[in-house]
Visitor: 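This is the structure, below, for whatever I ask next.
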Amino acid sequence: MRIAREPRWSLTVSEAIDLQKRMASCLSLRGGPRNARLVAGADVAYDPSVQRCFAAVVVLERPHLEVVEEVTADATVSFPYVPGLLSFREGPVIVEAFSKLKVRPQVVFFDAHGYAHPRRFGLACHIGYLLDIPSVGCAKSVLVGEPQRALPEKALSWVWLIDKGERVGAVLRTQTGRRPIYVSPGYRVGFLAAIRLVSEVLGKFRVPEPTRLADILVERHKRKYLQQRGVRERLTS
DNA sequence: GCGACAG
DNA sequence: ATCTTGTCGC
Ligand SMILES: [Mg+2]
């Protein structure tokens with residue numbers, strides 16, 4: 001798959017923050033794909049000992065969520081973890097993985113926030129923009145904001161996530177008796193569309209299928225990569 | 001200054 | 001995110 005926009009990743013922390021402020025103003029919080037057939041999930045894993053990171057993208061076909069393509073990539077960690085700047089840490093290896101895809105997904109789900117971000121430009125917004133593909137943020141914990149009211153226990157119940165008086169996303173209970181996930185618009189997707197899209201790709205787990213399968217694949221890829229590297233060192237030394 | 005803080 | 005085995009609860 002061809003990457004629509006050329007990213008520049010070599011930025012300082014303050015330059016990255018400036019970029020987010022500039023980019024946030026040119027985002028559309030409306031729309032959303034109609035009856036998307038190809039949906040994708042992406043996730044990243046790390047090996048702290050060698051400053052290496054890994055990414056996986058899994059493409060599924062709706063409505064039955066069958067896997068149609070899987071790709072992985074790996075790279076050297078090039079940016080620290082700074083809350084609010086996750087896309088600059090995980091972006092390079094994620095985009096690298098997407099470039100290896102043959103098919104072009106119609107929507108992408110990320111294991112991170114989108115609009116629910118200090119500067120309203122989380123990883124899901126940033127990567128969706130670079131790929132020029134509608135995207136949704138599906139985080140497992142909160143970065144900014146608070147539920148507008150108490151979240152009911154029943155599965156599929158949701159409430160708005162409010163930050164500084166502004167609606168930034170939704171708190172969605174995907175399973176009864178389990179903690180909720182945090183859904184927010186990424187790129188070219190509205191609030192209700194984001195919630196609907198996530199509900200359409202839920203399986204039997206708390207986390208949506210696309211990101212859950214990407215998580216499993218990236219973990220498997222990381223293990224294989226490190227094993228292979230261990231073998232080479234043994235034969236070289 | 002203090003506390004919060006995606007992955 | 002990662003370090004880590006078994007164990008308790010939905
Ligand atoms: Mg992740």
Side-chain angles (χ1 to χ4, degrees), chain A residues 9 13 16-17 19-20 23-24 41-57 72-97 108-129 135-147 151-157 161-164 168-187 194 198 204-208 210-223 225-226:
Chain A
W9 295 118
V13 165
I17 291 175
L19 182 148
Q20 292 181 327
M23 293 303 300
D43 194 25
V44 172
Y46 300 87
D47 176 31
S49 67
V50 292
Q51 286 285 292
R52 201 77 187 159
C53 59
F54 311 85
V57 176
T72 59
D74 44 76
T76 296
V77 174
S78 60
F79 199 90
Y81 171 67
V82 180
L85 300 180
L86 184 65
S87 66
F88 297 91
R89 179 174 172 83
E90 302 197 340
V93 73
I94 290 176
V95 170
E96 162 77 15
V108 182
F109 298 87
F110 291 101
D111 177 29
H113 291 283
Y115 193 73
H117 176 276
R119 289 165 293 280
R120 310 296 185 248
F121 197 70
L123 183 148
C125 304
H126 196 163
I127 309 304
Y129 167 81
S135 62
V136 179
C138 304
K140 300 184 293 296
S141 64
V142 66
L143 175 60
V144 297
E146 54 190 57
L151 178 65
E153 294 297 325
K154 184 175 164 52
L156 295 187
S157 58
L161 179 67
I162 309 293
D163 180 45
K164 295 174 162 59
V168 295
V171 185
L172 172 65
R173 176 116 40 211
T174 57
Q175 303 266 283
T176 302
R178 303 215 61 188
R179 298 166 53 209
I181 63 172
Y182 300 82
V183 177
S184 60
Y187 181 66
V198 169
K204 298 179 177 178
F205 304 88
R206 177 173 82 118
V207 174
T211 50
R212 191 182 73 86
L213 295 179
D215 178 278
I216 292 172
L217 178 59
V218 77
E219 224 51 66
R220 184 188 309 153
H221 175 249
K222 169 184 167 182
R223 166 170 289 200
Y225 176 92
L226 294 177

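Lettering of chains follows the sequences in order, A, B, ..., and the numbering in each one begins at 1. Values in this document were obtained by computation on a predicted structure and should not be read as measured data.
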Visitor: Is it the case that R89(A) places NZ or CZ above or below the six-membered ring of F79(A), under 6.0 angstrom from the centre and within 45 degrees of the axis?
Guide: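 Judged by the rule (NZ or CZ under 6.0 Å from the ring centre, within 45° of its axis), R89(A) is not positioned above F79(A).
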Visitor: Check every strand shown and say whether L85(A) touches a base, only sugar-phosphate, or nothing at a heavy-atom separation below 4.0 Å.
Guide: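 If one applies the 4.0 Å heavy-atom cut-off, L85(A) turns out to touch a base.
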Visitor: Mind checking which nucleotides bracket the chain A contacts on DNA chain B, 5' to 3', with an atom under 4.0 Å from a heavy atom?
Guide: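 The protein-touched segment is dC5(B) to dG7(B).
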Visitor: Is the shortest heavy-atom distance from the side chain of L85(A) to the side chain of R119(A) under 4.5 Å?
Guide: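 They are in side-chain contact.
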Visitor: Look at all strands and tell whether G137(A) reaches a base, only sugar-phosphate, or nothing, counting heavy atoms closer than 4.0 Å.
Guide: nothing
Visitor: Using whole Å, what does the distance between atom C1' of nucleotide dC3(C) and atom NZ of K222(A) come to?
Guide: 10 Å
Visitor: By the 4.0 Å heavy-atom rule, please label V144(A) as base, sugar-phosphate, or nothing.
Guide: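 V144(A): no heavy atom of the nucleic acid under 4.0 Å.
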Visitor: Looking across every strand, which nucleic acid part, if any, lies under 4.0 Å from Y46(A) by heavy atom: base, sugar-phosphate, or nothing?
Guide: sugar-phosphate
Visitor: Mind checking if A116(A) touches a base, just sugar-phosphate, or nothing, with heavy atoms under 4.0 Å?
Guide: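 Nothing, no heavy atom under 4.0 Å.
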Visitor: Give a yes or no answer on whether the side chain of R206(A) reaches the backbone of P180(A) with a donor-acceptor pair at less than 3.5 Å.
Guide: yes
Visitor: With under 30° as parallel and over 60° as perpendicular, where do the rings of W9(A) and F88(A) fit, or are they tilted in between?
Guide: perpendicular
Visitor: Using heavy-atom distances to pick each residue's nearest nucleotide on DNA chain C, tell me which of T176(A) and D215(A) is more 5'.
Guide: D215(A)
Visitor: Once you round it to whole Å, what is the distance between P of dA1(C) and CZ of F79(A)?
Guide: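 Value for this atom pair: 19 Å.
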Visitor: Taking side chain as C-beta onward, heavy atoms only, is D47(A) less than 4.5 Å from F54(A)?
Guide: yes
Visitor: Say whether, by atom type as modelled, one donor and one acceptor occur between the side chain of S135(A) and the main chain of A124(A) under 3.5 angstrom.
Guide: yes
Visitor: For a quick check of understanding: with a heavy-atom distance under 4.0 Å over all strands, which category does A139(A) fall into, base, sugar-phosphate or nothing?
Guide: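 Result for A139(A) = sugar-phosphate.
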Visitor: Just by modelled atom types, is the S141(A) backbone N or O under 3.5 Å from a matching donor or acceptor in the H113(A) side chain?
Guide: yes
Visitor: Reckon D47(A) touches a base, only the sugar-phosphate, or nothing at all at heavy-atom distances under 4.0 Å?
Guide: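 Here D47(A) touches no strand at all.
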Visitor: Please state how far atom CZ in F88(A) lies from atom P in dA1(C), giving the value in whole angstrom units.
Guide: 21 Å
Visitor: Base, sugar-phosphate, or nothing: which does E219(A) touch, judged by heavy atoms less than 4.0 Å apart?
Guide: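 Answer is sugar-phosphate: E219(A) comes under 4.0 Å of backbone atoms only.
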